[in-house]
Number of protein chains: 2
Amino acid sequence: MVRRASSDDGERPATIRDVAAHAGVSVATVSRILSGTYPSAPATRSKVMRAVRELDYVANANARGLAGASSRSVAIIVTSVVSPHYAHVAQGVQTQAALEGKLCIIGTTNGGPERELATVQLMRQEHAECVILVGNVVNDEAYRERMGEYARALAAAGSQLVLCGRPALGPDVPALVIEYDNTGGAYAITSHLLSAGHRRILFLGRRDGYTTPGARVAGYRNALADFHQPHDPGLEVDGKMERSEGYRMIRQRLESGPPDFTAVFAGNDLIAAGARQALREHGLRVPDDISLVGFDDLPSAADIDLTTVHVPHEELGRTAVRLALERRQDKSGMSEHVMLGTHIIVRDSVRPLRGAGQ
Amino acid sequence: MVRRASSDDGERPATIRDVAAHAGVSVATVSRILSGTYPSAPATRSKVMRAVRELDYVANANARGLAGASSRSVAIIVTSVVSPHYAHVAQGVQTQAALEGKLCIIGTTNGGPERELATVQLMRQEHAECVILVGNVVNDEAYRERMGEYARALAAAGSQLVLCGRPALGPDVPALVIEYDNTGGAYAITSHLLSAGHRRILFLGRRDGYTTPGARVAGYRNALADFHQPHDPGLEVDGKMERSEGYRMIRQRLESGPPDFTAVFAGNDLIAAGARQALREHGLRVPDDISLVGFDDLPSAADIDLTTVHVPHEELGRTAVRLALERRQDKSGMSEHVMLGTHIIVRDSVRPLRGAGQ
DNA sequence: CGGCGCTTAGTAAACGTTTGAACATGTGGT
DNA sequence: ACCACATGTTCAAACGTTTACTAAGCGCCG
């Protein structure tokens, strides 16, 4: 049970001064003992700890932050927290942060660059140890300039910008970049389809200018080229990375005639789920009639037996905070770039094409 | 582009003193103008704003918090951020927080009460305006006592405990409770099945002691009673609220003989998804052979055309912060209790039983 | 024309913690 | 006996804001 020394119970919370008085030592001693990082006599130590317990004292993070002790928080900025991709990265960030005794501040932007700016400013106010920006984005000049400013402003404030699954900036920009291999994964899974004899492979979810779909479509094209397949732009369908878009794209394609493809490479698992539904509604079964693969390896991919590319979402988040924190110690200053691997997960959504060999 | 007045560019970030000097006014003036809540001459105002812009000044949240200005953050504690239920509530919290200009601190516990305690302490250190605890929990004496302590400690620190989808405590405990109607929803959807002629309805996911499954099974029983159906405990299957559990429960049931039920009420949509898969693997199709309903109305429920109970996840989160913040103004002090409604969403996973009427 | 109220700006005292430097002790070497 | 030294503790000065109190300028009425 919580007891309180002062007469006015329930009033203002106990300060370090109250603890010091209660234990009969100075505030400096209390501070040092609580920080842990200092020698102290066992007797003093136990006196202080008892006072802390009896007064139910918790340190004031604001005062602590002000007085110089490095802030104990890590910030993550995503477009939305319900999107599985972001949720998993956020989970990784939160896990690693908790492991290091930090807590995690989260902001969402809903995609708007101005909201992103506002959120970065907030995190700057809050003196987060690092600010992790995650996700797909258009990679134009405006973007690079904006990120450069973020990076410099954060570095000046003793913080650190981390780009997670976003394109790197110049080497003179003080940012940490954690990517995963979109192109390699797309290459591998396209090869998987090609090896099974498929030649006409529909790519769903191209989106010019955006980094993630861009890298995936590049892997797709590379694989086709290595199998000496002609590049047919008609097989690349534009669309956003959402379930409803996958449904729409297949729907439109099938309404204009019978399928001119034997396999579908969906830009991510959500698109794959939507595409699968549209295919079924047209009487086409996966994988018997059409083969289907996705990208991301969300838990829901297992539900529909989808062969897909595994993305280490949580590890992405964990690595981001781990590297950011260890880099802060030796403030080497400049850019750093990490690329995490991806690999395909074979389930049951691809069938070899009968009479293969062309 | 960012310019800097001091010669040592990139060193320490600008303080309010720098801004005051740059604008030729006192720090008090700058503080007041930035707070907004004070009369000031337009000329002074624009001078200050220009200095802020030129120095790229952002206030130090720690100093601000220390000096008395109320903290600008809201805390949410969930077991995991990837679980869709929590993710949606978190999204609501984050959205409303952003709307009120606050930012959102998130902690995860992975279910452990000791981690929950540690996280609450962290939030107390951080002086969050309110601490929102969300989710299913065992409702025993230890729990009530623990929550009572949280509530009092937070109240003493000028914060506020909010319980979201958790059972209320005594009226003397200074906590805000936001619930949703589990029992009513379960009653409604069970009635839906009964009205379609189903009599032997399997309930999946009972879990004694836990609040959420408990309330749902209660609604199920109430509906059966109102339709004058005998209570058959053999139709209530124990299991956790996970997809794999849904799969397991159906699997085990069907391995021990042919189905002795015509409909399944899954404790939530995840269980429903797992159950559906197990049913299909046994050659039973939904809804033709077996009717299936769920609970939660996650986006994935639409994917499998599942009739389910809609839970206002996001609104839960939004309401939590809205009420918490407005209650802080008039510190009326004591408990408050809000119950949000649920309603059923009819899709295509239920068929009327042929030859109904028993 | 002097005092009064009103608006606007400045002064300085908090807020609760950390931390470098100083200060007591006791301990061992010479 | 004295000095150097290690150990454990205290003093006091930051850290960057906010805000009650105070002061200055100025128009207005008596």
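Letters A, B, ... mirror the listed sequences (proteins, then strands); counts begin at 1.
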* Arg17(A) CZ - dC11(D) C1' separation (whole Å) -> 13 Å

* To do: Please tell me which of Arg64(B) and Tyr38(B) maps to the more 5' nucleotide of DNA chain D, matching each residue to the nucleotide holding its nearest heavy atom.
  => Arg64(B)

* Asked: Between dC11(D), dA12(C), dT17(C), which nucleotide gets closest to the side-chain atoms of Ala28(A)?
  -> dC11(D)

* Asked: Of the candidate nucleotides dG16(D), dT17(C), dT10(D), which contains the atom at the shortest distance from the side chain of Leu66(B)?
  -> dG16(D)

* Between Asn62(B) and Ser26(A), just flag the one whose closest nucleotide in DNA chain D comes earlier from the 5' side. => Ser26(A)

* Taking only side-chain nitrogens and oxygens of Thr44(B), does any of them come within less than 4.0 Å of OP1 or OP2 of dA9(C)? -> yes

* To do: Tell me what Ser31(B) touches on the nucleic acid: a base, only sugar-phosphate, or nothing, going by heavy atoms under 4.0 Å.
  => base

* Counting N and O atoms only, with roles assigned by atom type, does the side chain of Glu336(A) sit under 3.5 Å from a partner on the main chain of Leu176(A), one being a donor and the other an acceptor? -> no

* **Whether Arg166(A) side chain and Gly135(A) backbone form a donor-acceptor pair below 3.5 Å** => yes

* Structure fact -> Taken to the nearest whole Å, CD1/Ile16(B) to C1'/dT17(D) is 6 Å

* To do: Output the single nucleotide from dT9(D), dT18(D), dT11(C) whose closest atom is nearest the side chain of Ser40(A).
  => dT9(D)

* **Whole-Å gap separating P (dT18(C)) and CD1 (Ile33(A))** => 12 Å

* **Shortest non-hydrogen contact from Thr119(A) toward Thr108(A)** => OG1-O, 4.3 Å

* Just by distance, with hydrogens left out, do Gln96(A) and Glu100(A) show a side-chain donor and acceptor under 3.5 Å apart? -> yes

* Asked: Atom OH in Tyr86(B), atom CD1 in Ile106(B): separation rounded to 0.5 Å?
  -> 12.0 Å

* Structure fact -> Against the side chain of Thr15(A), the closest entry in dT11(C), dT18(C), dG16(C) is dG16(C)

* **Nucleotide nearest Arg32(B) when distance is taken to its side chain, options dT11(C), dT17(C), dC11(D)** => dT11(C)

* **Whole-Å gap separating C1' (dA9(C)) and CG (Leu34(B))** => 15 Å

* **Earlier contact from the 5' end, DNA chain C, for Ala59(A) and Pro42(B)** => Pro42(B)

* Mapping Val27(B) and Ala67(B) onto DNA chain C by nearest heavy atom, which one lands closer to the 5' end? -> Val27(B)

* **Nearest-Å distance for atom pair CG/P, residues Asp18(A) and dC15(C)** => 11 Å

* NZ of Lys47(A) versus P of dT9(D): gap in Å, rounded? -> 8 Å

* Under the 3.5 angstrom rule, does the side chain of Ser31(B) hit a backbone N or O of Val27(B) as a donor-acceptor pair? -> no

* Round to the nearest Å and state the distance from Glu126(A) atom CD to dT17(D) atom P. => 13 Å

* Between dG16(D) (C1') and Asn60(B) (CG): distance, integer Å -> 6 Å

* Asked: Base, sugar-phosphate alone, or nothing: which one does Ala41(B) contact when heavy atoms must sit under 4.0 Å apart?
  -> sugar-phosphate

* Scan Thr29(A) against the nucleic acid and name what it touches under 4.0 Å (heavy atoms): base, sugar-phosphate only, or nothing. => base

